[in-house]
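Note: hydrogens, waters and symmetry copies are ignored here, and every other heavy atom, side chains too, is used. One-based numbering, in listed order, for ligands and for the atoms of each.
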Amino acid sequence: MSTSPTPSTSIVFYDIAMRPPVETSCLAPNPWKSRLALNFKAVPYTTSWVPMPDIPNVRKSLNVPACRKFANGADYYTLPIIHDRATNTLVGDSFDIAVYLQKTYPNAGAGDLFPPQTLDYAYSPAHAPLVPLTECRDGFPEYAKFNVNVDAAFTAHIQLAMHGMSELFDPATAEISKAEFVRRAGLSKFEDFALVGEKREKTKESLKNMLGGLGKLFEKDTSGPFLLGTKANYADLIVGGWLRTFSVTLPKSEWEELRSWNGGVFGRLHDALEVYAQVK
Ligand SMILES: N[C@@H](CCC(=O)N[C@@H](CS)C(=O)NCC(=O)O)C(=O)O
């Protein structure tokens, strides 16, 4: 018999508020990984939508230390966070959230988020990311390493998504958010993030190559659409979180292209994860 707590008191899930309606505009990859995991586990939760400029205050007021730092060592306050009121636990990193859900609710919903598997994928970006990524987390080392590599791989191509992302900023705080992105990048105006023409094509080509490598993992089990065939696990959700970001921020024609690469492996994965993509 399971001794895990009953998730009767709902979890509060903190995600970044984009343009209303937030249900269709939410796009941050790490919160998406957690939403997919919460829905996979079918635990009751409600979303608390945090305007982007309020993230530092919300995180500080919950007493959750930053899990990411800027290149100069200053704290970088991020979401997601979950507050599980059934166990009075706060968790402030998407990987830690998945591990927490698995350990606390091992048999809930669709079951095991971390079935044993080898996740043989390494990505070395040509340049260090603008903001260093969080270091590899504890628990399920194969998955933790995969998470770091997948984050590095997609982050290296994030400029493709910047324009689409800015269109989805909440108009109430868009100017503050844009100014913050400009400041972090050491640019003078948001338009400097623009990626067009030949340069855009090159970055798309690089994204296609990166996904070519990642896609090979999904082609091992041909019963698909998931890494281990017909049942999803957290590694699928890690990639699925990033696909959510690109699905709403790339121009439609480019998203359709991406879906078709590698014989459509990523389009199928994205569609198959729709069952865990409800925004609550
Ligand atoms: N390792 C952390 C990273 C979280 C993270 O980078 N969150 C981004 C969204 S995906 C964020 O909150 N950004 C806020 C900002 O850029 O101001 C996790 O997986 O939760």
For atom 10 (S) of ligand 1, closest protein heavy-atom neighbour: Asn30 ND2, 3.4 Å
So is Leu79 polar-close to ligand 1, meaning N/O to N/O under 3.5 Å? yes
The atoms of ligand 1 lying under 4.0 Å from a heavy atom of Thr134, numbered in the order shown, are 1 (N), 2 (C), 3 (C)
State, with a plain yes or no, whether a side-chain heavy atom of Ser10 is found less than 4.5 Å away from one of Arg85. yes
Which bit of Ile55 is near ligand 1, meaning a heavy atom under 4.0 Å away: side chain, backbone, both or neither? side chain
Please determine whether any non-hydrogen atom of Tyr76 lies less than 4.0 Å from an atom of ligand 1. yes
Given the rule in the side-chain hydrogen bond (donor to acceptor under 3.5 Å, both in side chains) test, do Tyr45 and Asn39 qualify, once you have shown the distances and angles that lead to the verdict? CA-CA 9 Å; Tyr45 72 93; Asn39 290 335; 2.8 Å; yes
4.0 Å heavy-atom contact, Ser34 with ligand 1: no
With heavy atoms of Pro29 as the reference, note each atom of ligand 1 found under 4.0 Å away. 10 (S)
Numbered in order shown, the ligand 1 atoms found under 4.0 Å of a heavy atom of Ala28 are 9 (C), 10 (S)
State, yes or no, whether a side-chain contact exists between Leu237 and Lys33 at a heavy-atom distance under 4.5 Å. no
Test item: Arg244 side-chain N/O and Pro29 main-chain N/O as donor-acceptor pair under 3.5 Å: no
Region of Thr78 engaging ligand 1 - heavy atom pairs below 4.0 Å: both
Nitrogen or oxygen of Tyr77 less than 3.5 angstrom from that of ligand 1: no
Side chain, backbone, both or neither: which applies to Arg184 and ligand 1 if a contact is any heavy-atom pair less than 4.0 Å apart? side chain
Any idea how Phe140 and Phe114 line up, ring-wise: parallel (<30°), tilted (30 to 60°), or perpendicular (>60°)? parallel
Please determine whether a side-chain nitrogen of the Lys or Arg among Glu180 and Arg183 lies less than 4.0 Å from a carboxylate oxygen of the Asp or Glu. yes
The single option from Lys208, Glu219, Lys216, Arg268 that satisfies side-chain hydrogen bond (donor to acceptor under 3.5 Å, both in side chains) with Asn262 is Glu219
Give me the ring orientation class for Tyr123 and Tyr121: parallel if the planes are under 30° apart, tilted from 30 to 60°, perpendicular past 60°. parallel
Any N or O on Asp93 sitting closer than 3.5 Å to an N or O of ligand 1? yes
List the closest protein heavy-atom neighbour of atom 19 (O) of ligand 1: residue, atom name, distance to the nearest 0.1 Å. Ser94 OG, 2.5 Å
In terms of side-chain geometry, is the basic nitrogen of Lys231 or Asp112 positioned less than 4.0 Å from the acidic oxygen of its partner? no
Consider every N or O of Lys33 and every N or O of ligand 1, then say whether any pair is closer than 3.5 Å. no
Part of Ser177 with heavy atoms under 4.0 Å of ligand 1, whether side chain, backbone, both or neither: neither
Specify whether Phe190 and Phe181 have parallel, tilted or perpendicular ring planes, treating 30° as the upper limit for parallel and 60° as the lower limit for perpendicular. perpendicular
Is there a heavy atom of Ile16 sitting under 4.0 angstrom from any atom of ligand 1? yes
Side chain or backbone of Arg68 under 4.0 Å from ligand 1, or both, or neither, by non-hydrogen atoms? side chain
Donor-acceptor contact present, side-chain Asp192 to main-chain Ser188, <3.5 Å: yes
Under 4.0 Å from a heavy atom of Pro31: which atoms of ligand 1 are those, numbered in the order shown and with their elements? 10 (S)
